[in-house]
Amino acid sequence: LVMDSDSLIKLTKAGAKGIVLDSFDVCIPPKVREECATIPKKEGYADAFEIDENLKKGRITVKKPTKKPDVDEIVVYLGLGGGEAEALRLYHTGGFDAISSDDSKFLKILDEFDITYLTPTAVILNIYKRGALSLERVKEIMKKLKNLVSEEEYYLAINELEKVEREANEN
């Protein structure tokens, strides 16, 4: 799973980074490391220290994307910059199933190019559906994510969670 800064920071702030790293092989490009750890650490953000600790422990891998002229052309044409541009380049390096982001502009682009993506709430729902999180813990995380993600994303996730609960109760 390639993550951009937005997704990694929000999942960290929601206290979900540990279970995410236990459930996915997370890889980030150098620009995302800079955006969510290097620069914010200098500014004293607690979540940046937590992310940096996981980078040092190797729980989050940093990988430089390979140059691909066709992908670079798309990045330039669409005006992508920073971590999103590098996340897209890294995804196209190969070996990844999806990109995790919460940037609405970036998600529209991923949708246009038929690239699988997971928002922070979708990451949590995916882990829950695999049986690696209790319903109680998912609700705790969702409550913390509520003020970090869009209202639409939050309510879509809550509706999906309720649907999964109903199906489980029917069985």
Side-chain angles (χ1 to χ4, degrees), residues 1-21 23-127 141 144-154 156-157:
L1 183 64
V2 175
M3 282 198 164
D4 74 359
S5 303
D6 207 23
S7 187
L8 185 54
I9 290 168
K10 288 175 181 180
L11 288 165
T12 301
K13 286 183 177 192
K17 182 187 47 50
I19 189 69
V20 171
L21 297 179
S23 302
F24 290 96
D25 290 328
V26 174
C27 192
I28 61 172
K31 188 69 177 172
V32 170
R33 178 185 204 159
E34 182 183 313
E35 291 174 353
C36 66
T38 309
I39 294 171
K41 264 181 63 177
K42 292 176 185 172
E43 297 170 0
Y45 289 96
D47 53 295
F49 288 91
E50 193 176 331
I51 292 167
D52 191 56
E53 187 63 32
N54 283 276
L55 286 160
K56 287 176 183 171
K57 290 179 179 176
R59 295 196 70 207
I60 301 171
T61 305
V62 178
K63 185 175 179 184
K64 187 174 180 175
T66 56
K67 289 279 186 188
K68 292 192 174 195
D70 55 330
V71 177
D72 288 342
E73 189 178 323
I74 292 167
V75 166
V76 171
Y77 178 76
L78 295 171
L80 282 176
E84 283 81 16
E86 276 200 7
L88 183 62
R89 286 182 175 113
L90 182 57
Y91 176 83
H92 278 94
T93 298
F96 300 101
D97 296 322
I99 296 176
S100 181
S101 178
D102 194 43
D103 181 286
S104 60
K105 177 186 169 196
F106 188 44
L107 295 177
K108 286 178 187 171
I109 291 167
L110 296 177
D111 219 16
E112 288 289 320
F113 285 92
D114 203 26
I115 295 172
T116 303
Y117 64 84
L118 296 170
T119 61
T121 57
V123 168
I124 299 306
L125 287 172
N126 181 286
I127 296 168
I141 294 168
K144 291 176 183 175
L145 282 171
K146 183 177 184 178
N147 295 321
L148 301 172
V149 300
S150 72
E151 191 173 319
E152 178 185 20
E153 180 186 345
Y154 175 76
L156 284 171

Just verifying a value: how many Å separate [X] [atom1] and [Y] [atom2], rounded to the nearest 0.5 Å?
| X | Y | atom1 | atom2 | value |
| --- | --- | --- | --- | --- |
| I127 | I19 | CD1 | CD1 | 6.0 Å |
| L125 | L118 | CG | CG | 10.0 Å |
| L8 | K13 | CG | NZ | 11.5 Å |
| D52 | D47 | CG | CG | 11.5 Å |
| T12 | E50 | OG1 | CD | 5.5 Å |
| N126 | S100 | CG | OG | 10.0 Å |

Which residues share a side chain to side chain contact (heavy atoms under 4.5 Å, CB included) with E112, sequence neighbours left out = none
Closest heavy-atom contact between [X] and [Y]?
| X | Y | answer |
| --- | --- | --- |
| L55 | A37 | CD1-CB, 4.0 Å |
| Y91 | F96 | CE1-O, 3.7 Å |
| A14 | L148 | N-CD1, 4.4 Å |
| V149 | K10 | CG1-CD, 4.3 Å |
| A48 | P40 | CB-CB, 3.5 Å |
| P29 | G83 | CG-O, 4.3 Å |

Quick check: do [X] and [Y] have side-chain heavy atoms less than 4.5 Å from each other?
| X | Y | result |
| --- | --- | --- |
| V123 | F24 | yes |
| H92 | I115 | yes |
| D97 | T116 | no |
| F113 | I74 | yes |
| I99 | F106 | yes |

Got a donor-acceptor contact below 3.5 angstrom from the [X] side chain to the [Y] backbone?
| X | Y | result |
| --- | --- | --- |
| T121 | Y154 | no |
| S7 | D102 | no |
| E35 | S5 | no |

inquiry  = Assess, by modelled atom type and distance only, whether the side chains of T119 and E153 contain a donor and an acceptor separated by less than 3.5 Å.
reply    = yes
ask   = Does the pair E34/K31 count as a salt bridge with the N-to-O cut at 4.0 Å?
value = yes
ask   = Does any pair with a residue in residues 68-86 pass side-chain hydrogen bond (donor to acceptor under 3.5 Å, both in side chains), and if so which ones, sequence neighbours excluded?
value = D72-R89
key: Derivation and outcome, side chain to side chain contact (heavy atoms under 4.5 Å, CB included), residues I51 and N54   = CA-CA 5 Å; I51 292 167; N54 283 276; 5.9 Å; no
request  = Would you please test V32 and V62 for side chain to side chain contact (heavy atoms under 4.5 Å, CB included) and show each step?
outcome  = CA-CA 9 Å; V32 170; V62 178; over 6 Å; no
